[in-house]
Structures are given as structure tokens and as C-alpha cells.
Q: 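There's a structure below that I have some questions on.
These figures come from a predicted structure and were not determined experimentally.
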Amino acid sequence: MSANERVVLVARKDPAELEERFQSSLEELQSLTETAEGEVCKIITQKRDRVHPATYLGEGKLQEIKEAAEENEAELIIFNDELSPGQLRNIQDIAEVRVIDRSQLILDIFAGRARTKEGKLQVELAQLQYLLPRLSGQGTALSRLGGGIGTRGPGETKLETDRRHIQRRIDDIKRRLDAVVKQREQYRKRRKENRAFQVAIVGYTNAGKSTFFNRVTDSRSFEEDLLFATLDPLTRQMSLPSGFQALVSDTVGFIQDLPTTLIAAFRSTLEEVTEADFIVHMVDASHPDHIQQEKTVLRLLEDLGAAQLPMLTVYNKMDLLNEDFIPDSFPSITVSVHDSIDLKRILHKIEEVLKEEWDEYDVFIPASEGKRLQQFKTYSMVTSLTFHEDKEGYALHGFIHPDHPLKHQIY
């Protein structure tokens with residue numbers, strides 16, 4: 001990708017759409033462009049009831065866009081919407097500059113971010129599925145592959161002539177992904193057999209998930225103030241204040257209007273969420289559109305069938321807020337994950353929420369049964385532990401998951 005390619009952004013405002021929602025979507029497009037190392041030199045918007053089936057916007061507007069691109073020496077025009085193959089072709093003919101849409105931009109960023117074998121396969125699959133219907137008319141653009149935003153990724157063959165090649169590659173990737181998914185299911189099964197407690201961190205892109213993940217697991221997941229800094233799901237261990245051990249997974253950030261090909265491709269990454277026992281939903285409280293972002297995530301969780309899981313909403317980036325903050329969800333906590341005291345508060349709050357979901361217990365364990373004592377400490381939340389000399393053993397009080405196998409040892 002050429003260093004800071006100059007870009008013109010184009011967005012159509014539907015009169016029915018709220019101004020804030022429109023603005024935040026536009027800002028998001030700008031952040032996405034910057035994440036892809038593009039330099040926004042002009043933004044053009046048009047209020048328009050309906051999309052023009054052939055050219056998306058009207059002729060006059062397209063001329064204006066063409067002139068703006070020439071004036072600003074832009075090499076690329078990005079539309080804040082998914083364009084049909086025909087629209088892409090027609091706009092490109094009029095503007096005489098490379099044109100991509102929001103979906104291609106997101107795919108491009110994903111292509112630059114994927115680290116694991118699986119992540120790379122998923123991105124390539126999404127890109128190919130996106131490309132297939134858009135092959136005709138891409139002739140000139142594709143034979144010059146390898147330069148500029150929206151062209152990273154699968155580009156070694158003469159794609160124009162070879163739909164079959166793409167279709168074969170798609171089938172091949174799907175097969176390989178199936179194998180990865182099966183492997184991941186084995187891991188999950190093993191984790192379930194060991195009754196490991198699973199926490200998934202979800203949230204809108206750039207809400208602070210990786211920062212939180214790194215702080216509580218002492219790991220080095222990629223953190224940066226960029227959209228989609230994390231693409232590959234990581235799972236590590238963390239301990240809660242009571243000593244209770246949990247596995248925590250960092251997931252890919254959610255975003256409004258995620259390209260449909262991507263939702264399908266990242267399904268398996270997000271499926272970690274449905275396997276979780278508990279969800280930490282990170283929200284960037286300082287974002288002007290955080291309520292909308294929160295709703296986007298909750299809607300996606302519902303689609304995944306994970307809406308009924310116990311959840312703590314963590315309103316992050318407290319340090320960037322000037323006025324009083326009113327949370328939208330409960331239970332919740334408002335923090336800055338860079339603050340070590342706040343991190344402890346989050347972990348305590350997770351335990352608090354769990355206590356309400358779990359069963360309370362009292363159990364006596366003879367001092368000779370060290371292994372059993374250790375099991376209770378690891379797999380349940382021990383809130384008090386007293387040694388009784390006369391009985392030579394420990395009295396434990398705590399909370400345990402209603403379905404945990406240890407539970408039958410209690411009564």
C-alpha cells in the first residue's frame with residue numbers, strides 16, 4: 001500500500017437517518033481509512049431518498065466527486081456503503097479513479113491485521129466471496145494488483161479470466177476452515193471436561209478489550225488505538241480476587257454494518273462467545289455514539305444466541321469523560337482499564353455478579369484431603385476458609401456454578 005494514499009470519502013444521507021448516527025458512521029469510515037493508512041483529503045455527502053440503481057448517486061454529484069478527486073490529487077474514492085458490482089463499475093467509469101466501498105475497506109484492514117493461519121484464511125475467504133460477483137469490469141484494476149487500499153490480499157492470478165480458480169480456492173479454504181473449527185471444538189470440549197470457567201470479552205472495535213485482556217492476564221496481545229487491532233481470538237488464564245481461576249478470551253471488535261461476507265467468515269471466531277460462561281462487555285464510554293455501539297454488540301450477541309449469558313458491562317475510558325456518566329445497562333461499572341485500582345474493581349465486580357448467579361455452599365474438608373481442598377479453591381469462589389484444630393480440617397464457605405461436578409460433593 002503506498003504511504004498515505006489520498007482519499008475522497010463519499011456518503012449518502014438517508015433523510016430518515018438520525019444526524020448523529022450519520023455523523024458517527026462517517027467518522028467511523030474516516031477512522032477505518034486512517035487505519036488502512038489512507039489520508040482523507042475531502043468528504044462529500046449528499047442527502048438522497050433513494051439509491052440510484054445504476055450509479056448509486058446522481059450524475060451531477062458524481063461529476064462533483066470526479067472534480068474533487070482531481071483537485072485533491074486523490075488516488076481513491078471510498079463510498080460509505082456496499083456498492084453493487086454494476087454501481088462500482090459505472091462510478092469508476094465516470095470518476096476515472098479507483099473506487100471501493102466500505103466493505104472492501106474493512107476487508108483490506110482485516111487482510112493487514114490477521115496473524116494466525118485461521119485469521120488469514122477467514123479474511124481470504126471473505127475477500128474472495130466479495131470479489132466473485134464483482135469480477136467483470138475490474139479488468140484493469142485487478143491486473144495492477146498490489147498497490148493501494150482495497151487491493152491487498154488474493155492477487156497472484158489473473159482473476160478476471162478465472163472465476164473457476166476463485167471458486168476452487170473458496171471451496172478449498174472452506175474445507176481448511178472446517179478442519180480448524182473441528183480442532184477448536186476439541187479444545188473447547190477438553191476445556192469443558194476440565195470444567196474451566198470461560199469469560200469472553202466482547203465489545204465494539206477499539207473499546208479497550210485487548211488492553212483489559214493484557215492487564216488481567218499479563219500477556220502481550222496486540223493493543224493499539226486502531227480499529228480492529230485484534231483479529232485472532234486469544235485465550236489465557238486469569239485469577240479472580242478469591243483465587244478462582246478462569247479462562248478469558250479476547251474477541252474481534254464489532255462494528256456497525258459489518259460486511260455480510262465477513263460476519264459469516266468470523267462466525268467461528270465469535271463462536272467462542274457462545275461457549276463462554278460469562279461475558280465482559282467493554283464499552284468506550286467516551287465515544288459520542290457509545291449507546292448505538294452498545295446496541296450493535298447486544299444485537300450481534302442475540303444473533304449468536306449468547307444474549308442470555310451472565311454479563312457485566314464495563315464502561316471504559318472514564319479518564320476521557322468530562323460530564324457525569326449514566327450507564328445504559330446493568331450490572332455495570334465505569335472505569336479506566338489503564339488504572340490498576342479500576343482493574344481490581346472490575347474483577348471484584350465480576351465475582352459479585354457471579355455470586356448472584358451461583359449457589360452458595362458450606363463444606364468441611366479434612367486436612368488430609370489437600371487435593372480436594374485445592375479443587376474447591378480453583379473451581380469455586382471461596383469467600384472464607386477457617387481451619388478447625390479440633391476437627392483437623394477446613395470449613396469453607398463460597399459460591400459454585402449450579403452445574404459444576406464438584407457440587408455433589410458438598411451435600
Side-chain angles (χ1 to χ4, degrees), residues 191 194-203 207-221 223 234-251 272-273 275-283 285 309-319 327 329-365 370-387 394-407 409-410:
R191 290 198 304 234
N194 299 334
R195 278 307 310 196
F197 186 78
Q198 298 259 300
V199 178
I201 311 171
V202 302
K209 297 183 295 298
S210 297
T211 309
F212 172 66
F213 178 80
N214 290 347
R215 299 283 189 286
V216 294
T217 60
D218 289 330
S219 76
R220 295 277 161 267
S221 152
E223 349 166 339
L234 286 160
T235 304
R236 298 262 157 69
Q237 200 158 28
M238 73 169 182
S239 7
L240 291 174
S242 65
F244 174 65
Q245 295 293 313
L247 286 177
V248 58
S249 305
D250 189 10
T251 60
E272 288 279 312
V273 177
E275 291 290 322
D277 300 290
F278 190 87
I279 290 178
V280 174
H281 177 185
M282 299 288 278
V283 179
L309 294 167
M311 177 159 79
L312 170 65
T313 306
V314 177
Y315 291 102
N316 185 24
K317 309 199 184 181
M318 202 43 219
D319 44 327
S329 302
F330 297 93
S332 73
I333 183 168
T334 314
V335 300
S336 161
V337 291
H338 287 287
D339 180 338
S340 51
I341 294 168
D342 276 359
L343 273 183
K344 289 200 182 79
R345 283 178 54 228
I346 298 174
L347 298 180
H348 280 291
K349 187 77 180 177
I350 292 176
E351 292 203 329
E352 244 172 73
V353 177
L354 285 178
K355 282 176 190 169
E356 297 194 0
E357 301 277 336
W358 285 8
D359 296 350
E360 204 166 345
Y361 72 84
D362 284 287
V363 67
F364 180 80
I365 299 176
K371 188 177 169 210
R372 197 167 150 226
L373 178 66
Q374 197 46 51
Q375 280 181 318
F376 272 93
K377 281 182 171 171
T378 310
Y379 296 118
S380 79
M381 237 187 300
V382 177
T383 48
S384 77
L385 182 149
T386 326
F387 182 67
Y394 295 90
L396 270 63
H397 175 81
F399 295 82
I400 191 160
H401 191 290
D403 304 329
H404 199 282
L406 271 182
K407 230 184 103 169
Q409 299 187 17
I410 290 170

Q: Under the side chain to side chain contact (heavy atoms under 4.5 Å, CB included) test against Leu354, which residue among His401, Met381, Lys349 passes?
A: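 Going through His401, Met381, Lys349 one by one, the side chain to side chain contact (heavy atoms under 4.5 Å, CB included) with Leu354 is satisfied by Met381 alone.
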Q: Taking atom types as modelled, find out whether Ser242 and Glu351 have a side-chain donor-acceptor pair closer than 3.5 angstrom.
A: yes
Q: Would you tell me whether Ser332 and Tyr315 have side-chain atoms, one donor and one acceptor, within less than 3.5 Å of each other?
A: no
Q: Verify side-chain contact (heavy atoms from CB on, under 4.5 Å) between Phe364 and Leu396, making sure each step is shown before the conclusion.
A: CA-CA 6 Å; Phe364 180 80; Leu396 270 63; over 6 Å; no
Q: Between Leu312 and Phe278, is any pair of side-chain heavy atoms under 4.5 Å apart?
A: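 When only atoms from C-beta onward are counted, Phe278 and Leu312 do touch, with a gap below 4.5 Å.
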Q: Which distance, rounded to the nearest 0.5 Å, do you find between the CG of Asn316 and the OG1 of Thr334?
A: 10.0 Å
Q: Return the NE2 to CD distance between His404 and Gln375, rounded to the nearest 0.5 Å.
A: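 Between atom NE2 of His404 and atom CD of Gln375 there are 8.0 Å.
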Q: Check the pair Phe212 / Val314 against side-chain contact (heavy atoms from CB on, under 4.5 Å), numbers first and verdict last.
A: CA-CA 10 Å; Phe212 172 66; Val314 177; 6.0 Å; no
Q: Would you mind reporting whether Val280 and Met282 have side-chain heavy atoms less than 4.5 Å apart?
A: yes
Q: Do Leu347 and Met238 make a side-chain contact, defined as non-hydrogen atoms from C-beta onward lying under 4.5 Å apart?
A: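 A side-chain contact under 4.5 Å exists here.
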Q: Evaluate the side-chain contact (heavy atoms from CB on, under 4.5 Å) criterion for residues Leu385 and Leu373: first the C-alpha distance (whole Å), next the side-chain angles of each, then the deciding distance (0.1 Å), finally the verdict.
A: CA-CA 10 Å; Leu385 182 149; Leu373 178 66; 4.2 Å; yes
Q: I'd like to know if the side chain of Asp277 reaches the main chain of Gln198, judged simply by a donor and an acceptor atom lying under 3.5 Å from each other, with no hydrogens or angles considered.
A: yes
Q: Working to the nearest 0.5 angstrom, can you tell me the gap between Gln374 CD and Lys371 NZ?
A: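 One finds 11.0 Å between CD of Gln374 and NZ of Lys371.
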Q: Roughly how far apart are Ser336 OG and Ile341 CD1, rounded to 0.5 Å?
A: 11.0 Å
Q: Measuring only between side-chain heavy atoms, which start at C-beta, is Glu360 closer than 4.5 Å to Lys355?
A: no
Q: Between Arg372 and Val363, is the side-chain contact (heavy atoms from CB on, under 4.5 Å) condition met? List the steps.
A: CA-CA 11 Å; Arg372 197 167 150 226; Val363 67; 3.9 Å; yes
Q: Less than 4.5 Å apart, any side-chain heavy atom of Gln237 and any of Thr217?
A: no
Q: Below 30° counts as parallel, above 60° as perpendicular, anything between as tilted: where do the rings of Phe197 and Trp358 land?
A: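 Correct class here is perpendicular.
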Q: Output yes when a side-chain donor or acceptor of Thr383 lies under 3.5 Å from a complementary backbone atom of His397, and no otherwise.
A: yes
Q: What's the separation between atom CZ in Phe244 and atom CD1 in Ile400, rounded to the nearest 0.5 Å?
A: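 Rounded to the nearest 0.5 Å, the CZ-CD1 separation comes to 9.0 Å.
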Q: Taking Asp359 for its side chain and Pro402 for its backbone only, find out whether a donor-acceptor pair lies under 3.5 Å.
A: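 Flag not set: sc Asp359 to bb Pro402 has no pair under 3.5 Å.
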Q: Arg215 versus Val337: any side-chain heavy-atom pair under 4.5 Å?
A: no
Q: Once you round to the nearest 0.5 Å, how far does OH of Tyr394 lie from CD1 of Ile365?
A: 10.0 Å
Q: Any side-chain heavy-atom pair from Val283 and Thr313 closer than 4.5 angstrom?
A: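 A side-chain contact exists here, since the closest heavy-atom pair is under 4.5 Å.
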Q: Are Tyr361 and Ser380 close enough, and set up right, to give a side chain to side chain donor-acceptor pair (under 3.5 Å), and what steps lead you there?
A: CA-CA 10 Å; Tyr361 72 84; Ser380 79; 2.7 Å; yes
